[in-house]
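Throughout, a chain's letter reflects where its sequence line sits, starting with A, and its residues are numbered from 1.
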Amino acid sequence: MKAVTVESLTKRFGDFTAVDNISFEIDEGEIFGLLGPNGAGKSTTISILATMADATSGKALVNGHHIAGDEDGVRKSIGIVFQDQSLDEELTAWENMDFHGRLYRIHGDTRRERTEELLELVGLDDRKDELVKTFSGGMRRRLEIARGLLHRPKVLFLDEPTLGLDPQTRNYLWEYIENLNMEFGISVIITTHYMDEADRLCDRVGIIDKGRIVALDTPENLKKSIGGDLITVKSDDYEGKLADINQPWIESIESYDGFFNIGLSGAEEHLTQIIEALAKTRITISSVSIRKPSLEDVFLYYTGKSIRDAEADSKERMRMMHFARRH
Amino acid sequence: MDVIYTIWLRSIKRYLRSRSRIVGSLGMPLFLLVFLGFGLNSVVVIPNTGEDYVVFLAPGIVSMGVLFTSIFAGLQIIWDRQFGFLKETLVAPVSRTEIMLGQTFGGATTAIFQGTLILILSFLIGLKFPGILGLLIAAGFMILVGIAFTALGISIASRIEDMNGFQLIMSFLIFPIFGLSGAMFPITGLPPAFRSLTMYDPLTYGVEGIRYGLTGSSQIDPLVCLVVLSAFSVAMIMAGAFLFRKTRI
Ligand SMILES: Nc1ncnc2c1ncn2[C@@H]1O[C@H](COP(=O)(O)OP(=O)(O)OP(=O)(O)O)[C@@H](O)[C@H]1O
Ligand SMILES: [Mg+2]
């Protein structure tokens with residue numbers, strides 16, 4: 001059985017299509033990353049899968065339960081950390097956990113033991129009797145994650161769980177998520193804006209842009225898909241000249257604001273040829289660098305936006321040409 | 001049952017923790033009791049019984065405390081929505097009806113607690129102890145008022161998205177319900193047109209029932225009060241459950 005099956009799911013708000021006919025499957029025990037710029041439709045997708053919003057059309061199964069029709073089955077199977085805070089600030093950390101445990105009908109000792117264990121894991125055991133309103137943003141986030149795990153869900157949704165956490169806590173959490181995933185076979189769907197996080201954690205990654213899935217594969221394959229190596233050339237006057245660098249070993253060229261990326265394999269061997277080709281086309285080079293593509297480059301390639309300026313308008317995006325196959 | 005208890009427990013904890021709010025919300029009733037009660041004592045004559053105005057007023061002010069606390073307890077859902085906590089309850093595998101009932105009983109409990117505090121103040125001011133039976137009758141009516149109006153608050157909260165409508169609710173719902181109820185004046189003295197208006201106000205039956213329990217006399221038959229108020233409570237619970245089931249985050 002698949003942990004999640006999504007078929008032609010669409011969500012419209014009036015005329016605006018937030019999620020546009022997406023389909024994908026998540027295997028049991030898989031950690032699946034959903035990446036995309038702001039407003040891409042990640043949270044909307046998650047809230048539909050978590051039965052918190054209705055889809056306009058399409059269907060989905062979570063842990064074998066239909067999201068429309070068997071809401072209770074879905075809700076029993078999932079744990080979720082929402083993007084926005086969902087704690088009761090007038091209760092203590094312990095009471096928030098306790099409330100959750102009781103709602104999910106976890107009984108007496110089990111509830112207390114797990115609460116203890118999870119609060120320790122997220123480093124809140126010494127503050128457990130303090131009101132949540134006295135907590136910092138990071139502490140609240142950690143509490144929410146602990147809470148989402150309390151009832152040992154089969155499928156765990158994490159909507160930007162590590163936003164605002166310090167690197168140390170992030171690392172802890174990654175380890176914990178990996179452990180949960182391995183020990184209990186919990187399937188995890190995570191959205192994040194940290195590419196290193198997605199790269200380290202996710203078995204597969206779906207890149208979503210303007211409500212559509214534009215790429216979906218393992219981080220390895222995604223990186224390969226844009227070329228084995230990446231040469232980044234910074235230049236101010238390359239516009240209209242890129243088409244002339246026509247070499248058979250170039251797999252892709254993507255241009256952005258003030259720089260462009262050449263995807264190819266064996267960059268080191270071709271470096272002189274590249275420089276020559278650039279010189280021939282009279283492109284002024286301010287700097288050149290060679291590296292292996294990161295998930296960040298993949299994101300840039302498929303959405304035209306670096307994760308940092310994902311919010312910015314896409315007008316500067318200008319795809320000249322590309323030779324690579326897309327998925 | 002677990003779920004209803006859980007939600008109920010949260011309401012109680014939040015209420016007991018807001019000490020300043022408890023004390024603060026006693027100010028207005030105390031003010032009304034002392035200044036209206038004693039101030040108008042010599043002016044107002046209560047027909048038939050001839051009792052002091054402050055004695056007549058006290059059950060009305062108790063009802064007021066229960067009414068306000070319970071409606072606000074129902075409206076708490078709007079805050080829960082705004083602060084995100086509603087998502088936590090709605091995504092859990094529990095029925096909406098259970099959540100709604102938990103919220104209703106929690107709200108009713110805090111409302112009765114608040115009403116009891118005002119009742120104690122009233123005893124200090126001059127209301128005579130009505131005996132155990134009278135107290136039980138009053139408590140029964142307080143429970144019904146608490147349940148009915150928490151459920152009403154939940155119904156409203158399920159339909160409006162944020163606190164923008166709050167002033168509207170205050171002006172066009174809560175104050176009219178209170179003002180028309182005969183909490184502050186004897187309804188038998190009203191002109192007929194106005195009197196029939198008070199008969200459409202469900203709180204009238206609560207006030208009269210509580211008044212019967214506390215002072216031993218009322219202008220509406222307490223059995224009628226019981227029947228009307230019970231019917232209203234059931235209707236409100238059903239409306240609340242229905243509307244809350246459809247609420248979205
Ligand atoms: N209730 C709503 N009414 C109208 N539009 C909405 C609503 N909820 C979301 N949207 C729109 O749907 C789009 C997708 O929103 P969503 O929250 O899913 O994005 P996201 O991918 O999670 O973004 P972010 O990275 O910023 O969290 C946005 O353009 C948003 O404005
Ligand atoms: Mg989001």
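- Between P93(B) and Y104(A) the shortest heavy-atom distance is CD-CE2, 3.1 Å.
- A salt bridge is absent between E71(A) and R245(B); no separation between the charged side-chain nitrogens and carboxylate oxygens falls under 4.0 Å.
- The environment of K59(A) atom NZ is sparse: at most 12 non-hydrogen atoms of other residues, nucleotides or ligands sit within 6.0 angstrom.
- When all heavy atoms are compared, the tightest approach of R17(B) to L131(A) is NH1-CD2, 3.6 Å.
- Heavy atoms closer than 4.5 Å to chain B are found nowhere in E144(A), neither backbone nor side chain.
- Other residues, nucleotides and ligands contribute only 12 or fewer heavy atoms inside 6.0 Å of the CZ atom of F35(B).
- Chain B forms the most heavy-atom pairs under 4.5 Å with one residue out of H100(A), Q85(A), M52(A), and that residue is M52(A).
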>> Using the rule given for side-chain contact (heavy atoms from CB on, under 4.5 Å), can you reason through E88(B) versus N96(A), listing the C-alpha separation, both sets of side-chain angles and the distance that settles it, and then say yes or no?
In response: CA-CA 10 Å; E88(B) 154 77 355; N96(A) 267 286; over 6 Å; no

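- The heavy-atom pair separating D88(A) from R14(B) by the smallest distance is OD1-NH1, 2.6 Å.
- Other residues, nucleotides and ligands contribute at most 12 non-hydrogen atoms within 6.0 Å of the CZ atom of R159(B).
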> Going through the distances and angles, do R105(A) and V3(B) end up as a side-chain contact (heavy atoms from CB on, under 4.5 Å)?
Replying inline: CA-CA 8 Å; R105(A) 301 188 167 88; V3(B) 173; 3.4 Å; yes

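- The closest side-chain heavy-atom distance from F83(B) to L87(A) is not below 4.5 Å.
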>> With salt bridge (Lys or Arg N to Asp or Glu O under 4.0 Å) as the criterion, how do E90(A) and R21(B) come out once you've worked through the C-alpha distance, each side chain's angles and the decisive distance to 0.1 Å?
In response: CA-CA 13 Å; E90(A) 302 290 334; R21(B) 229 177 52 210; over 6 Å; no

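- For I99(B), no part lies under 4.5 angstrom from a heavy atom of chain A.
- No side-chain heavy atom of V94(B) sits less than 4.5 Å from a side-chain heavy atom of R75(A).
- Across every non-hydrogen atom of F99(A) and I7(B), the tightest pair is CZ-CD1, 4.1 Å.
- Between E89(A) and F85(B) the shortest side-chain heavy-atom distance does not fall below 4.5 Å.
- Summarising the local packing, CZ of F123(B) is surrounded by more than 12 heavy atoms from other residues, nucleotides or ligands at distances under 6.0 Å.
- Each of V74(A), L103(A), I78(A) was evaluated against V91(B); a single residue qualifies, I78(A), per the side-chain contact (heavy atoms from CB on, under 4.5 Å) test.
- A 6.0 Å sphere centred on CE of M170(B) holds more than 12 heavy atoms belonging to other residues, nucleotides or ligands.
- You'll find the side chain of L91(A) reaches within 4.5 Å of the side chain of R10(B), heavy atoms only.
- Residue contact with chain A, scored on non-hydrogen atoms closer than 4.5 Å, involves the backbone and the side chain of K87(B) alike.
- Of all heavy-atom pairs between G84(B) and S86(A), the closest is O-CB, 3.2 Å.
- With a threshold of 4.5 angstrom between heavy atoms, T89(B) approaches chain A through its backbone and through its side chain.
- Under a cut-off of 6.0 angstrom, the local environment of CD in E130(A) is crowded, with over 12 non-hydrogen atoms contributed by other residues, nucleotides or ligands.
- Open room surrounds NZ on K154(A); 12 or fewer heavy atoms of other groups in view lie less than 6.0 Å from it.
- Heavy-atom distances place both the backbone and the side chain of R102(A) under 4.5 Å from chain B.
- Under a cut-off of 6.0 angstrom, the local environment of CZ in F242(B) is sparse, with at most 12 non-hydrogen atoms contributed by other residues, nucleotides or ligands.
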